[in-house]
Amino acid sequence: MNSDTELAPAVRSILEAARERSGGEGVVDVDARSLPDALAAAEADGRVPVIAEVKPTSPTADGAREDDPVELAEAMVAGGAAAISVLTEPTHFGGSPEALTRIREAVDVPVLRKDFVLDEAGMDVVEADLFLLITRFVDDLEALVTAARERGFQPLVEVHDRVELETALEAGADIIGVNNRDLGRLEVDLETFESVAPEVPDDVTLIAESGVSSPADVRRMRAAGADALLVGSAIMDHGAGDSDVTENTRRLTRAESAETDQT
Ligand SMILES: O=P(O)(O)OC[C@@H](O)[C@@H](O)c1c[nH]c2ccccc12
């Protein structure tokens, strides 16, 4: 793992909290809903494949939403989301494994567990269809990818540059997310995805993560090769309190339809 000192203070404190959290008891065994199938189904239905994220708050959000996570997830699916991402990190994102379990029972699309899983024990906390592995934060990515698959999970491996992409491909990752937000300054730059995407083999499911806020951003990431987009803030709209999550999702899932407003 790279040294923590290059990380934003908020990220360092997230990692410290993650190292202190205990893993689950026993080994999880998941019968996962296929993400590639769900993305293809959205595409066949004329929707942009969007993974909408239930993120009550975050270090970069300008507020928090107290809504019931299940209602939020259902509203996202009603807006055309192909899959749901759920933050389970408790100390900085307001998430919980219990919320994920309730959401996975309520919707029939794949559910991604978004957390800072650093070792095998961290995988055994809750059943999900996918969970995130952040290349920069783990020592033996290949072993964790294998351990994830042994449990039935589809690992989503996050990278931020071409060097990390190489590591992810060598570890056998076949679902890769390029995070447009850098973990040093927490700044978003959509060019990150554009610079990494051309190096990704065609048989990898490629996801553009973070910073997608408008239909124009959706089209920009799709033009650069995104099979799907992972969107949190623009859908949760933290500052606005009761903003319509279904409408926020629909605006993005319809970004490639002719009748959409093109802004
Ligand atoms: O809210 P945004 O900018 O749409 O980003 C969503 C998602 O990409 C972001 O929450 C995220 C990407 N990688 C992470 C790792 C941990 C926690 C959160 C994340």
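Start at 1 and go down the list; that is how both ligands and their atoms are numbered.
- Among all protein heavy atoms, the one lying closest to atom 16 (C) of ligand 1 is F116 CZ, 3.3 Å.
- For atom 1 (O) of ligand 1, the closest heavy atom belonging to the protein is S233 OG, 2.5 Å.
- Proximity of L132 to E209: side-chain heavy atoms (C-beta onward) are separated by under 4.5 Å at one or more points.
- Considering both main-chain and side-chain atoms, I134 never comes within under 3.5 Å of ligand 1 through any nitrogen or oxygen pair.
- The pair R65-D237 does not meet the salt-bridge criterion, since no charged nitrogen lies less than 4.0 angstrom from a carboxylate oxygen.
- The nearest non-hydrogen atom to atom 11 (C) of ligand 1, considering only K114, H238, E209, R181, comes from K114.
- F153 and V126 make their closest contact through CZ-O, 3.7 Å (heavy atoms, listed as atom of the first residue, atom of the second, distance).
- Within the listing of ligand 1, atoms 8 (O) sit less than 4.0 angstrom from a heavy atom of L230.
- With ligand atoms numbered from 1 in the order given, ligand 1 contributes 1 (O), 2 (P), 5 (O), 6 (C), 9 (C), 10 (O) to contacts under 4.0 Å with heavy atoms of K55.
- Inter-residue side-chain proximity for D29 and R151 is flagged as unmet; no heavy-atom pair is nearer than 4.5 Å.
- Ligand 1 lies within reach of V231, whose nearest heavy atom is under 4.0 Å from it.
- Residues R104 and E127 are paired through a salt bridge, judged by an N-O separation under 4.0 Å between the basic side chain and the carboxylate.
- Distance from atom 3 (O) of ligand 1 to its nearest protein heavy atom, with residue and atom name: G211 N, 2.9 Å.
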Anything under 3.5 Å between a donor and an acceptor, one on a side chain of residues 166-178, the other on a protein residue two or more places apart or in another chain? List them.
from: T167; atom 1: OG1; to: V163; atom 2: O; distance (Å): 3.2
from: D174; atom 1: OD1; to: R149; atom 2: NH2; distance (Å): 3.3

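- Counting heavy atoms from C-beta outward, H160 and R136 have side chains that stay 4.5 Å or more apart.
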Counting only pairs under 3.5 Å, give me each side-chain donor-acceptor contact of residues 47-55, with atom names and distances, residues two or more places apart or in other chains.
from: R47; atom 1: NE; to: D45; atom 2: OD2; distance (Å): 2.7
from: R47; atom 1: NH1; to: G80; atom 2: O; distance (Å): 2.8
from: R47; atom 1: NH2; to: D45; atom 2: OD2; distance (Å): 3.1
from: E53; atom 1: OE1; to: S85; atom 2: OG; distance (Å): 2.7
from: E53; atom 1: OE1; to: K114; atom 2: NZ; distance (Å): 2.7

Exercise. Run the side chain to side chain contact (heavy atoms under 4.5 Å, CB included) check on M123 and D115 step by step: do they pass?
Worked result: CA-CA 10 Å; M123 298 178 192; D115 208 321; over 6 Å; no

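- Side chain of N180 to main chain of S210: a donor-acceptor pair is present (N/O by atom type, distance under 3.5 Å, no hydrogens or angles).
- The protein heavy-atom contact nearest to atom 4 (O) of ligand 1 is G232 N, 2.7 Å.
- The shortest separation from a heavy atom of A234 to ligand 1 is not under 4.0 Å, leaving the residue out of contact.
- For atom 8 (O) of ligand 1, the closest non-hydrogen atom of the protein is S210 OG, 2.7 Å.
- Of the heavy atoms in D115, none comes closer than 4.0 Å to ligand 1.
- The shortest N or O to N or O distance between E53 and ligand 1 is below 3.5 Å.
- Counting heavy atoms closer than 4.0 Å to ligand 1, residue E158 contributes side-chain atoms (C-beta onward) but none from N, CA, C or O.
- Looking from atom 15 (C) of ligand 1 to the surrounding protein, the closest heavy atom is L132 CD2, 3.6 Å.
- Within the structure, the closest approach of E89 to ligand 1 does not fall below 4.0 Å when heavy atoms are considered.
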